[in-house]
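Report on the following structure.
Predicted, not measured: the structure shown is a model, and the values here were computed from it. Below, all heavy atoms of this structure are taken into account, side chains as well, without hydrogens, waters or symmetry copies.
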Amino acid sequence: MSTSSGTSSDTPSFPVPEETASVRRRSVFSREASGLESHHATPASAGGSSRVRRRRAHDDSLRLIDDLTNRPMDPLFSDARLTQRPTTAFGLWSTRIIVFVICVAVGFFGSLFIQQLHTDPRKSVRQNWASELRDLNAKADTLAKEVSGLQAEVSKRAKDLNADGDDTTTLDDEMTNGMLAVTGEGITLTIADPLSAGTDSTDGSLPRENAGTTIRVVTDADLQSFVMLLWQSGAEAIAVNGYRIGVRTSIRTAGQTIMVGVNPVQSPYRIEAIGDRDRLARAVGSDAQPLLYEAFQEAGIYPQVSKSKSLTLDAAASGSLTYARKGD
C-alpha cells in the first residue's frame with residue numbers, strides 16, 4: 001500500500017460503516033467524476049518507502065477523528081459538486097411539451113373512464129326495450145282494430161243470413177263477452193299513484209328506482225278489486241284505460257308495469273263500467289268500502305267516481321279458436 005515516491009497513497013483509516021457510506025457511486029472513468037478533488041490528508045513519510053501500519057480500534061472518538069481527517073466532506077455535497085450535462089432550450093421546451101401532452105391525454109381519458117363508471121348501462125337497455133314494446137303495442141292495437149272490424153262484419157253478415165230468430169241471443173252473448181263495442185250509461189272511476197311516487201318513466205328508468213323508501217302505489221290487486229266489485233254490482237261491460245275486459249283478458253303485473261291483457265297501462269288508471277250508474281257508484285264508493293278508502297288515504301291515493309249518461313267501450317281483443325268446437 002505504498003508508492004515509490006515516498007508518499008503514502010492510502011493513509012491509516014478505519015472502514016466506513018454502511019449506514020454512513022455514500023449512496024450514489026461514480027466510476028473513476030465517468031465524465032461526472034472529473035470535477036472531484038481529493039480532500040484526504042496525505043502525510044509525507046520520512047525517507048524512502050515506508051510501511052504504513054493500520055490502526056485497529058473500536059473507539060468512537062478515534063472513528064470521529066478518522067472521519068474528520070480522511071472524510072471531511074459529506075458524500076451528498078460531493079455528489080452536488082459533480083459537473084452537470086448542459087441542457088439546450090430545444091430539449092427543455094420539447095420535454096415540457098411532451099409532459100404537457102401526456103398530462104392532457106391522461107386527464108381526458110381519465111374523465112371518460114369516470115364518466116363511464118357513473119353511467120347506468122341498464123338504462124340504454126331499458127330504453128331499447130321500451131321502444132320495442134311501444135312498437136309492438138302499436139302493432140297489436142292495429143291488429144286489434146282490424147279484428148274488431150272483421151268481427152263486426154261477420155256479425156252483420158251472420159245477422160243477415162240468420163233466419164231462425166237466434167240473432168238477439170247471439171248479439172247479447174257477444175256484447176257480454178266483449179266481442180262487440182257497446183254504449184250505455186255508467187260510471188268512471190279514476191285512481192292514480194301519489195305524487196311522491198314519481199312514475200314518469202319516459203327515459204326508460206323504472207319508477208321509484210332511486211327512492212330510498214318504499215312508496216305505496218296502485219297495484220294490479222287494487223284494480224282487480226274494483227273490477228270485481230263492479231261485476232258484482234251488475235256491470236255489463238268494463239274497460240281499464242280504454243282496454244275492454246273480455247273473457248280472456250287478465251289484469252296482472254309484469255315487472256313494475258300493470259298489464260291489461262297484453263297492453264301496459266300507467267297511472268292514472270281509468271276504470272269505465274256500463275250499468276246502473278247509481279248502483280255502481282255506491283258499490284265502489286267510500287261508504288261501501290271504508291277500509292279500502294282508509295288504506296288509500298294513508299298512502300295519499302284518492303279514487304274519484306263520476307257518473308255518465310253515455311259511455312262507449314270498444315270491443316275486447318280476442319284470439320282465434322283452434323281446438324274449441326261448437327257442441328251439439
Side-chain angles (χ1 to χ4, degrees), residues 133-162 164-191 220 223-254 257-277 279-281 283-284 305-327:
L133 183 60
R134 285 193 295 268
D135 296 339
L136 293 176
N137 290 334
K139 294 180 181 179
D141 293 339
T142 303
L143 294 176
K145 292 180 180 178
E146 293 179 0
V147 170
S148 300
L150 294 174
Q151 287 177 349
E153 185 178 356
V154 169
S155 299
K156 181 179 179 181
R157 292 188 178 183
K159 181 179 179 180
D160 295 338
L161 297 175
N162 191 3
D164 297 334
D166 295 335
D167 54 337
T168 305
T169 304
T170 304
L171 184 61
D172 292 342
D173 292 340
E174 290 179 351
M175 288 191 298
T176 303
N177 296 331
M179 299 178 63
L180 296 177
V182 294
T183 301
E185 69 172 271
I187 67 168
T188 300
L189 187 147
T190 305
I191 181 172
D220 56 337
L223 299 181
Q224 292 173 6
S225 300
F226 281 117
V227 170
M228 291 175 60
L229 291 173
L230 292 172
W231 285 131
Q232 293 174 1
S233 302
E236 298 176 356
I238 299 177
V240 178
N241 281 26
Y243 298 106
R244 181 80 172 273
I245 303 297
V247 293
R248 303 173 66 179
T249 306
S250 62
I251 300 176
R252 58 188 177 86
T253 299
T257 303
I258 298 178
M259 308 287 292
V260 177
V262 294
N263 304 298
V265 294
Q266 295 181 354
S267 175
Y269 306 100
R270 188 180 68 259
I271 302 176
E272 298 172 306
I274 293 179
D276 187 351
R277 53 183 178 178
R279 181 178 179 184
L280 296 179
V284 296
V305 180
S306 61
K307 301 178 183 180
S308 301
K309 294 182 179 180
S310 178
L311 291 176
T312 301
L313 305 182
D314 296 332
S318 60
S320 59
L321 298 179
T322 304
Y323 300 98
R325 295 292 185 271
K326 182 180 180 179

Quick check: do [X] and [Y] have side-chain heavy atoms less than 4.5 Å from each other?
X	Y	value
Glu185	Lys307	no
Ile238	Leu313	no
Asp314	Lys145	no

Hey, is the main chain of [Y] close enough, under 3.5 Å, to the side chain of [X] for a donor-acceptor pair?
X	Y	result
Arg279	Ser233	yes
Asn241	Gln266	yes
Arg252	Met259	no

Distance in Å, [X] [atom1] paired with [Y] [atom2], rounded so as to fall on 0.5 Å steps:
X	Y	atom1	atom2	result
Tyr243	Glu272	OH	CD	12.5 Å
Ile245	Ile251	CD1	CD1	4.0 Å
Asn263	Leu136	CG	CG	11.5 Å

Contact summary for [X] and [Y], nearest pair of heavy atoms:
X	Y	answer
Gly261	Thr249	N-CG2, 3.9 Å
Gly184	Ile274	N-CD1, 3.8 Å
Ile187	Leu311	O-CD1, 3.5 Å

Checklist line | Residue that, paired with Ile271, satisfies side-chain contact (heavy atoms from CB on, under 4.5 Å) out of Val305, Val284, Leu229, Val240 | finding: Val240
